[in-house]
Enquirer: 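Just passing along the structure, written as structure tokens.
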Amino acid sequence: MARLITSPVSFPLQCGSLEIGEERQRRVAMMESLCQVNGTKSNGSKGGNENNTTTNSNNNNNNNNNADCPDPQQRLAVLSFEQVRRLNDVMNEVVSIHGRGNFPTLEVRLRDLVTVVRSKLETDPSNGGAGMRVRDIRLNGGAASHVLATESQPYNDLDLIFAVELSSGRNYDKVKAAVLGSLFDLLPEGVSRKRITTCSLKEAYVSKMVKVNNDGDRWSLISLGNSRGHRNVELKFVDSMRRQFEFSVDSFQIVLDSLLLFYECSKLPIGENFYPTVVGESVYGDFQEALYHLHKKLISTRHPEEIRGGGLLKYCNLLVKMYKPSQPDYIKTLERYMCSRFFIDFPDISQQRAKLENYLWNHFVGPEEEALKYQYLMLLHSVVEESTVCLMGHERRQTLALIENLAYQVFCQEQQQRLTNHQQAPTGPPATYVYANGYYYAPVIPTACYTCTCNSWMACSS
């Protein structure tokens, strides 16, 4: 049986018995430019999906010190069926957007949330929309890496990128109103909407809002969800962004427009013989090289001094999760860049403390992640101690003392948790030892108290 694959370039104007109106024709025309990056078209519009994302072991010989890929086509690849299937699972995942106070939790499929937000952005203002054009929609971050990896990759947030025009400050307000309007439409049935305002929706469901409008950067971020331990949905609206990645393993973006068009047109489910052509891009520069790094758990980046904070905290997070530098000799130079940029962006010790505490809170969630906190801080201490060259002596000692204090707090919390667990479990194996700073620390287990029966004074025998 021949395999049927929908293609963004050759997608027909009809799908089954559904009629394609002007809006869908516009989307089909938009899909024709999906494979185009910086004015150059990709050659992955037609043909088989089997071999387009197969990694090549020779990619390990690529030189990461070179400039960005001269051939824009190397940034793109067509996803295989297994990758499209995992992407479909992610898009059909039901996400929970928890509300504060008496506001209910919004339970919605990710694909439905994307459709509602896009509709609000593109609907005419007279009908309650923003009247903006969405160039494309992309899945980014850990979820995109999870789709492309051969092994399961955990991810904390669902990052979505909407490419829109943000040439004026008014457009930022339109984006905000569209997102809040989408939340209003997603409220469950039975909820009284008469007294709900956009301000109350923002306080209830939005955990973070960021607006950037300076030279070369025009984008905004609205993070939905405020329950720790649950995946937040981060909606990023981008007109232009100079730096879109930290390391090669998190540089992937998957264009969702063809999949969303498939959902609109097809009555059949995705199968091995019938699935849409989906294009992925690595903003690192070379898709196959970045994919090789993802599969082999290698650390590589370009121009770390351009990363906000230098990528120092993310770099140590990768190290503690058993990632290794792709070029061990060159990584020391990159570490110096990362440390320098971190102290440029966070020069004050109070800012450094707030940043570290916030990073630990957001990125070490769950028992497995919590167990890595102490090791992470000791790795960070080692990198800062060895690679910091831009600080005066007292500033360097101050930062190292801050990291040591945080590590000590984490260590004490771990010991207290071990003691609590031992007391709650009367039988079972003894608590494990903790290794730190070259020493093994045994857990403190109190013994049962008893009353001394001997006399405090001895009787005189004379």
Enquirer: Under the criterion side-chain contact (heavy atoms from CB on, under 4.5 Å), I'd like the reasoning laid out for R353 against L356: C-alpha separation, chi angles, the key distance, then a yes or no.
Expert: CA-CA 5 Å; R353 173 181 288 276; L356 283 173; 6.0 Å; no
Enquirer: Hey, are D250 and K314 close enough for a salt bridge, meaning a charged N less than 4.0 Å from a carboxylate O?
Expert: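 Salt bridge present between D250 and K314.
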Enquirer: State, yes or no, whether a side-chain contact exists between V164 and N171 at a heavy-atom distance under 4.5 Å.
Expert: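 SC-SC contact between V164 and N171 ruled out.
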Enquirer: So F81 and Q83, do their side chains get closer than 4.5 Å, heavy atoms only?
Expert: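 A side-chain contact under 4.5 Å is absent here.
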Enquirer: Using a 4.5 Å cut-off on heavy atoms from C-beta on, say whether the side chain of L148 contacts that of F287.
Expert: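 F287 reaches L148 side chain to side chain.
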Enquirer: Side chain to side chain donor-acceptor pair (under 3.5 Å) with S220: which residues, sequence neighbours excluded?
Expert: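 By the side chain to side chain donor-acceptor pair (under 3.5 Å) rule, S220 matches no residue at all.
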Enquirer: So, does R100 use its side chain to make a donor-acceptor pair with the main chain of E203 at under 3.5 Å?
Expert: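 Answer holds: yes.
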Enquirer: Hey, is the main chain of L180 close enough, under 3.5 Å, to the side chain of K120 for a donor-acceptor pair?
Expert: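 No.
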Enquirer: Report the distance from atom CD of E165 to atom CZ of R133, rounding to the nearest 0.5 Å.
Expert: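 Between E165 CD and R133 CZ, I get 9.5 Å after rounding to 0.5 Å.
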Enquirer: Side-chain contact, heavy-atom cut-off 4.5 Å: Q253 with V255?
Expert: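 Side chain of Q253 against side chain of V255, heavy atoms only: no contact under 4.5 Å found.
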Enquirer: Kindly indicate whether the side chain of Q413, heavy atoms from C-beta on, has any atom under 4.5 Å from the side chain of Q416.
Expert: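 Q413 vs Q416: side chains apart.
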Enquirer: If you count every heavy atom of other residues, nucleotides or ligands that lies below 6.0 Å from K297 atom NZ, does the total exceed 12?
Expert: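 More than 12 within 6.0 Å, yes.
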Enquirer: Got I196 and F103 here, is their nearest side-chain heavy-atom distance under 4.5 Å?
Expert: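 SC-SC contact between I196 and F103 confirmed.
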Enquirer: If you apply the rule side-chain contact (heavy atoms from CB on, under 4.5 Å), what do you find for R138 with I254, and how did you get there?
Expert: CA-CA 5 Å; R138 302 183 177 215; I254 300 174; over 6 Å; no
Enquirer: Show the numbers, then the answer: is there a side-chain contact (heavy atoms from CB on, under 4.5 Å) between F364 and N317?
Expert: CA-CA 10 Å; F364 292 87; N317 197 352; 4.0 Å; yes
Enquirer: Could you tell me whether Y315 and Y323 have their ring centroids closer than 6.0 angstrom?
Expert: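 Aromatic pair excluded; centres sit 6.0 Å or further apart.
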Enquirer: Could you measure the distance from the CG atom of L377 to the CG atom of L372? Nearest 0.5 Å is fine.
Expert: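 Between L377 CG and L372 CG, I get 11.0 Å after rounding to 0.5 Å.
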Enquirer: Does any part of the side chain of L406, heavy atoms only, come nearer than 4.5 Å to the side chain of Q409, both counted from C-beta?
Expert: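 In short, these two side chains touch, coming nearer than 4.5 Å.
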Enquirer: Determine the minimum heavy-atom distance between Y374 and V410, stating which atoms define it.
Expert: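 Nearest pair, atom of Y374 first, then V410: N-CG1, 3.7 Å.
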Enquirer: Between E305 and R341, does at least one N-O distance fall below 4.0 Å, as a salt bridge requires?
Expert: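 Not counted as a salt bridge, because no side-chain N and carboxylate O are separated by less than 4.0 Å.
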Enquirer: Quick one: which of V175, V238, D239 gives a side-chain contact (heavy atoms from CB on, under 4.5 Å) with W219?
Expert: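 Option passing the side-chain contact (heavy atoms from CB on, under 4.5 Å) with W219: V238.
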Enquirer: Looking at every non-hydrogen atom in both residues, tell me the closest pair between R86 and H146 and how far apart they are.
Expert: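 Nearest heavy atoms, R86 then H146: NE-O, 3.6 Å.
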Enquirer: How far apart are the closest heavy atoms of R118 and F162, and which atoms are they?
Expert: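 Of all heavy-atom pairs spanning R118 and F162, the closest is N-CE2, 4.3 Å.
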Enquirer: What's the spacing between R75 CZ and F252 CZ if we round to 0.5 Å?
Expert: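 So the gap between those two atoms works out to 12.0 Å.
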Enquirer: Under 3.5 Å, side chain of Y292 to main-chain N/O of L298, donor-acceptor pair present?
Expert: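 Such a contact is absent between Y292 side chain and L298 backbone.
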Enquirer: Judged by modelled atom types alone, do Q153 and S145 share a side-chain donor-acceptor pair under 3.5 Å?
Expert: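 Checked: Q153/S145 side chains show no N/O donor-acceptor pair below 3.5 Å.
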Enquirer: Can a donor-acceptor pair be found, under 3.5 Å and without considering hydrogens, that links the side chain of D286 to the backbone of Q288?
Expert: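 The answer is yes, because a donor-acceptor pair under 3.5 Å joins these two groups.
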Enquirer: Please check this pair: side chain of D257 against backbone of I137, looking for a donor-acceptor N/O pair closer than 3.5 Å.
Expert: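 At least one qualifying donor-acceptor pair exists.
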Enquirer: Judged by modelled atom types alone, do H381 and E404 share a side-chain donor-acceptor pair under 3.5 Å?
Expert: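 Distance-only check passes for H381 and E404.
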Enquirer: Answer yes or no: are there more than 12 heavy-atom neighbours, outside Y172 itself, under 6.0 Å from its atom OH?
Expert: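 Counting other residues, nucleotides and ligands, OH of Y172 exceeds 12 neighbours.
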Enquirer: Mark yes when over 12 heavy atoms from residues, nucleotides or ligands other than K174 sit less than 6.0 Å from its NZ; otherwise mark no.
Expert: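 Enclosed.
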Enquirer: Would you confirm whether S207, through its side chain, and S223, through its main-chain N or O, come within 3.5 Å as a donor-acceptor pair?
Expert: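 Flag set: sc S207 to bb S223 pair under 3.5 Å.
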Enquirer: So, do V384 and L400 sit near enough that their side-chain heavy atoms are less than 4.5 Å apart?
Expert: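 Side chain of V384 against side chain of L400, heavy atoms only: contact under 4.5 Å found.
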Enquirer: Between K324 and K296, does the side-chain contact (heavy atoms from CB on, under 4.5 Å) criterion hold? Intermediate values first, please.
Expert: CA-CA 9 Å; K324 299 183 181 300; K296 299 298 183 181; over 6 Å; no
Enquirer: D348 side chain to S350 main-chain N or O, any donor-acceptor pair under 3.5 Å?
Expert: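 Present.
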Enquirer: Under a plain distance cut-off of 3.5 Å, with no hydrogens placed, do T115 and Y263 share a side-chain donor-acceptor pair?
Expert: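 No - no donor-acceptor pair under 3.5 Å links their side chains.
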Enquirer: What heavy-atom pair brings E335 and S387 nearest, and what distance separates the two atoms?
Expert: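 Taking every non-hydrogen atom into account, OE1-OG, 2.9 Å.
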Enquirer: For the pair T197 (side chain) and S200 (backbone), establish whether a donor and an acceptor sit closer than 3.5 Å, ignoring hydrogens and angles.
Expert: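 The answer is yes, because a donor-acceptor pair under 3.5 Å joins these two groups.
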Enquirer: Is there a donor in the side chain of Q398 and an acceptor in the side chain of Q352, or the other way round, less than 3.5 Å apart?
Expert: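 No, no side-chain donor-acceptor pair sits under 3.5 Å.
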Enquirer: Taking everything shown except R242 itself, do over 12 heavy atoms lie less than 6.0 Å from its CZ?
Expert: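 For R242, atom CZ is crowded (more than 12 foreign heavy atoms under 6.0 Å).
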Enquirer: Can you tell me how far apart CG (L235) and CG (L160) are? Round to the nearest 0.5 Å.
Expert: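 Reported to 0.5 Å precision, the distance equals 6.0 Å.
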Enquirer: Quick check for you: to the nearest 0.5 Å, what is the distance between I331 atom CD1 and M338 atom CE?
Expert: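 If we round to the nearest 0.5 Å, I331:CD1 and M338:CE are 5.0 Å apart.
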Enquirer: Verify, without hydrogens or angle tests, whether S251 (side chain) and S248 (backbone) share a donor-acceptor contact under 3.5 angstrom.
Expert: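 Side chain of S251 to backbone of S248, a donor-acceptor pair under 3.5 Å: yes, one is there.
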Enquirer: Taking the side chain from Y376 and the backbone from L313, do they hold a donor-acceptor pair closer than 3.5 Å?
Expert: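 It does hold such a pair.
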Enquirer: Say whether R111 and N92, considering side chains only, have a donor N or O and an acceptor N or O under 3.5 Å apart.
Expert: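 The answer is yes; a qualifying pair exists.
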Enquirer: Over all heavy atoms of both residues, which pair between A407 and M378 is shortest? Give the atoms and the distance, please.
Expert: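 Nearest pair, atom of A407 first, then M378: CB-SD, 4.0 Å.
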Enquirer: Is it true that the NZ or CZ of R193 lies under 6.0 Å from the centre of F184's six-membered ring and within 45 degrees of the ring axis?
Expert: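 Yes, a cation-pi geometry holds between R193 and F184.
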Enquirer: Roughly how far, to the nearest 0.5 Å, is OH of Y284 from CG of L294?
Expert: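 L294 CG to Y284 OH: 13.0 Å, rounded to 0.5 Å.
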Enquirer: Please say whether the positively charged group of K355, taken as NZ for Lys or CZ for Arg, lies over the ring of F346, i.e. under 6.0 angstrom from the six-membered ring centre and within 45 degrees of the axis.
Expert: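 Verdict for F346: no cation-pi partner in K355.
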Enquirer: Any Lys/Arg nitrogen of D345 or R308 sitting under 4.0 Å from an Asp/Glu carboxylate oxygen of the other?
Expert: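 A salt bridge links D345 with R308.
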Enquirer: Counting only heavy atoms not in N214, do more than 12 sit closer than 6.0 Å to its CG atom?
Expert: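 Correct, the count exceeds 12.
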Enquirer: Ignoring hydrogens and geometry beyond distance, is a side-chain donor-acceptor pair present between N213 and D217 at under 3.5 Å?
Expert: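 No, no side-chain donor-acceptor contact under 3.5 Å.
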Enquirer: Which heavy atom of L139 sits nearest to which heavy atom of A144, and what is that distance?
Expert: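 That would be O-CB, 3.6 Å.
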